[in-house]
Amino acid sequence: MATASADSRADSTADSTAEQRQFDALLKADGRIEPRDWMPANYRKTLIRQMGQHAHSEIIGMQPEANWITRAPSLKRKAILMAKVQDEAGHGLYLYSATETLGITRDEMMDQLIAGTARYSSIFNYPTLSWADMGAIGWLVDGAAICNQVPLCRASYAPYARAMVRICKEESFHQRQGFEILLELMHGTDAQRKMAQDSVNRWYWPSLMMFGPPDGDSPNSAQSMAWNIKRFSNDELRERFVGMLVPQAEVLGITLPDPDLRWNEERGAWDIGEIDWAEFHEVLAGRGPCNAQRMQRRRDAHEDGRWVREAAAEYARKQAESAEVAA
Ligand code: BYC
């Protein structure tokens, strides 16, 4: 008996080494990992962390924009904003489903969000104070999301990469609608132009923080890049984003609120001013302007929806019971 279990342990070590080699070879060939494939425990854990955080961000991200649905300036704007917020719910659902393929349930992920043990993007802890914020969120927040997420369409975990393809298409549309809101305001009255500029002043720096800490302070980047989950570092993507914004800000006639923004001929990129990382860490620690409000709203919505989940579960149970009787 003792020998048999020692043998099976030896077998499983040999197997996992062979499996590890196969996994490494697949990544080296830029292949994709499917849910049925063997994967190292930490690769699975990292994906659950990042994809879960991403899914939660989409769902919490509905709140700041939903705040303006009833106050949108026209029926057309209301319909567009409602469709956008619904898209974000859809993104959350694709991402929860993709994360479930790693062996965690949606209920478990939701429990982690509600308990505050899973993160969501820092950006959604800022308030939406004016209609122009719908423009700034589309232009800056969805713009940053696209920069970060287009490379994720090539992430090594296939269900994540597949979910990202559709999400990125929708995010591009969201970004354009945000740009268009700002463009219209910038062609409006002095008060409208002021409102648009004020909004960009408030959202610009937090949108740069979406890419995560600087590379030197990013504990997960090196391993995630070695696993082909992340294809570019946090700073590389942030720099790419600023390069995308500068000409668009010119078209809008909006000033990016960074007096130190300068073209660096040698690097062929924009140098930017110091990001307030103390503020970023405060937001991550739960002390941003809206953290408490966002979490309370999420908890309330979860409670309000309890009867729906229970009714659906009961209906499914009854359906299964009558199918069994009929069989
Ligand atoms: N906010 O080692 P690092 C959207 C955490 S939704 C909060 O660089 P990583 C949209 C990080 O989790 C957009 N936390 O981490 C929706 C880590 O914490 P732990 C959401 C952050 O994972 C509705 C620690 O800091 N996008 O577009 O290698 C309406 C160290 O960081 C943040 C995604 O989720 C942050 N900003 O890189 C409109 C994209 N940054 O877990 C729009 C997918 C870092 O070690 N995620 N942290 O305690 C990613 O690409 C990566 O997870 C990140 C961070 C680049 C965000």
Side-chain angles (χ1 to χ4, degrees), residues 57-92 120-148 167 169-210 241-242 244-258 279 283 288-298 300-301:
S57 304
E58 301 284 356
I59 298 300
I60 297 278
M62 295 165 74
Q63 292 187 36
E65 290 179 287
N67 184 33
W68 279 89
I69 290 176
T70 55
R71 290 178 285 164
S74 70
L75 184 61
K76 184 179 128 196
R77 291 292 184 197
K78 193 191 292 275
I80 294 171
L81 187 58
M82 265 172 64
K84 179 180 191 285
V85 173
Q86 279 177 336
D87 283 353
E88 309 301 356
H91 298 173
Y120 61 87
S121 181
S122 50
I123 193 73
F124 302 116
N125 293 303
Y126 290 86
T128 42
L129 303 179
S130 73
W131 168 252
D133 287 6
M134 299 304 98
I137 288 183
W139 183 44
L140 297 172
V141 176
D142 289 274
I146 295 167
C147 268
N148 168 270
I167 292 177
K169 284 186 183 153
E170 293 179 356
E171 298 290 25
S172 309
F173 188 71
H174 294 170
Q175 201 237 1
R176 273 176 248 172
Q177 69 84 39
F179 182 88
E180 200 260 339
I181 290 177
L182 290 178
L183 191 65
E184 194 165 308
L185 290 174
M186 291 306 287
H187 282 96
T189 62
D190 280 352
Q192 285 172 321
R193 273 193 292 278
K194 199 160 161 277
M195 181 166 69
Q197 181 65 59
D198 166 69
S199 178
V200 169
N201 292 350
R202 284 181 290 105
W203 288 94
Y204 175 73
W205 291 105
S207 74
L208 295 190
M209 295 175 195
M210 285 175 72
F241 177 54
V242 173
M244 185 184 95
L245 289 184
V246 171
Q248 295 180 0
E250 244 169 66
V251 173
L252 286 171
I254 270 183
T255 307
L256 294 176
D258 179 359
E279 176 182 317
V283 174
C290 297
N291 293 59
Q293 182 188 329
R294 301 288 184 244
M295 288 300 291
Q296 190 54 50
R297 182 73 202 101
R298 185 62 243 157
D300 291 348

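Predicted model, so just to flag it, every value in this text is computed and none were measured. In what follows, residues are counted from 1 in the order of the sequence shown.
Between the side chain of W139 and the main chain of L182, no donor-acceptor pair closer than 3.5 Å is present. Panel note: side chain S121, backbone S57; no donor-acceptor pair is recorded below 3.5 Å. Distance alone, capped at 3.5 Å, places no donor-acceptor pair between the Q197 side chain and the K194 backbone. At distances below 3.5 Å, not a single donor-acceptor pair connects side-chain atoms of W131 with backbone N or O atoms of M195. Between the side chain of N148 and the main chain of A144, no donor-acceptor pair closer than 3.5 Å is present.
Between the CZ atom of F124 and the CE atom of M210 there is a distance of 5.5 Å, given to the nearest 0.5 Å. A distance of 8.0 Å separates CG of L140 from CG of L256, quoted to the nearest 0.5 Å. Here the CG-CD1 distance, from N125 to I60, works out to 8.0 Å after rounding to the nearest 0.5 Å. With values rounded to the nearest 0.5 angstrom, S199 atom OG is found 7.5 Å from I137 atom CD1. The distance from atom CG of D133 to atom CG of N67, rounded to the nearest 0.5 Å, is 9.0 Å. Once rounded to the nearest 0.5 Å, the distance linking SG of C290 with CZ of R297 reads 14.0 Å.
Scanning all heavy atoms of the two residues, the minimum distance from R202 to P127 falls at NH1-O, 4.0 Å. A132 and A196 get closest at one heavy-atom pair: CB-CA, 3.8 Å. The heavy-atom pair separating Q248 from M244 by the smallest distance is CG-O, 3.4 Å. Taking each heavy atom of M186 and G253 in turn, the nearest pair found is CE-O, 3.2 Å. When all heavy atoms are compared, the tightest approach of W203 to I123 is CZ3-O, 3.7 Å. The two residues F241 and C147 have their closest heavy-atom pair at CA-SG, 3.7 Å.
Counting heavy atoms from C-beta outward, T255 and V200 have side chains that stay 4.5 Å or more apart. Side-chain atoms of E184 and P73, non-hydrogen and from C-beta on, never get closer than 4.5 Å to each other. Between D142 and K84, the closest side-chain pair of non-hydrogen atoms falls below 4.5 Å. Counting heavy atoms from C-beta on, the side chains of E88 and E65 come closer than 4.5 Å. Put simply, the side chain of Q192 reaches to within 4.5 Å of the side chain of T189, judged on heavy atoms. Contact check for V283 versus Y126: side-chain heavy atoms found under the 4.5 Å cut-off. With contacts defined as side-chain heavy-atom distances shorter than 4.5 Å, the pair R294/P64 qualifies.
Atom CZ of R193 has more than 12 heavy atoms from other residues, nucleotides or ligands within 6.0 Å. Remark: R77 CZ is packed, more than 12 non-hydrogen atoms of other residues, nucleotides or ligands lying under 6.0 Å away.
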Given side chain to side chain contact (heavy atoms under 4.5 Å, CB included), test Y120 with I59 step by step and report yes or no. CA-CA 9 Å; Y120 61 87; I59 298 300; over 6 Å; no
Does the pair R298 and Q63 meet the rule for a side chain to side chain contact (heavy atoms under 4.5 Å, CB included), with working shown? CA-CA 9 Å; R298 185 62 243 157; Q63 292 187 36; 4.2 Å; yes
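Checking Q177 against H174 by side-chain atom types alone, no donor-acceptor pair falls below 3.5 Å.
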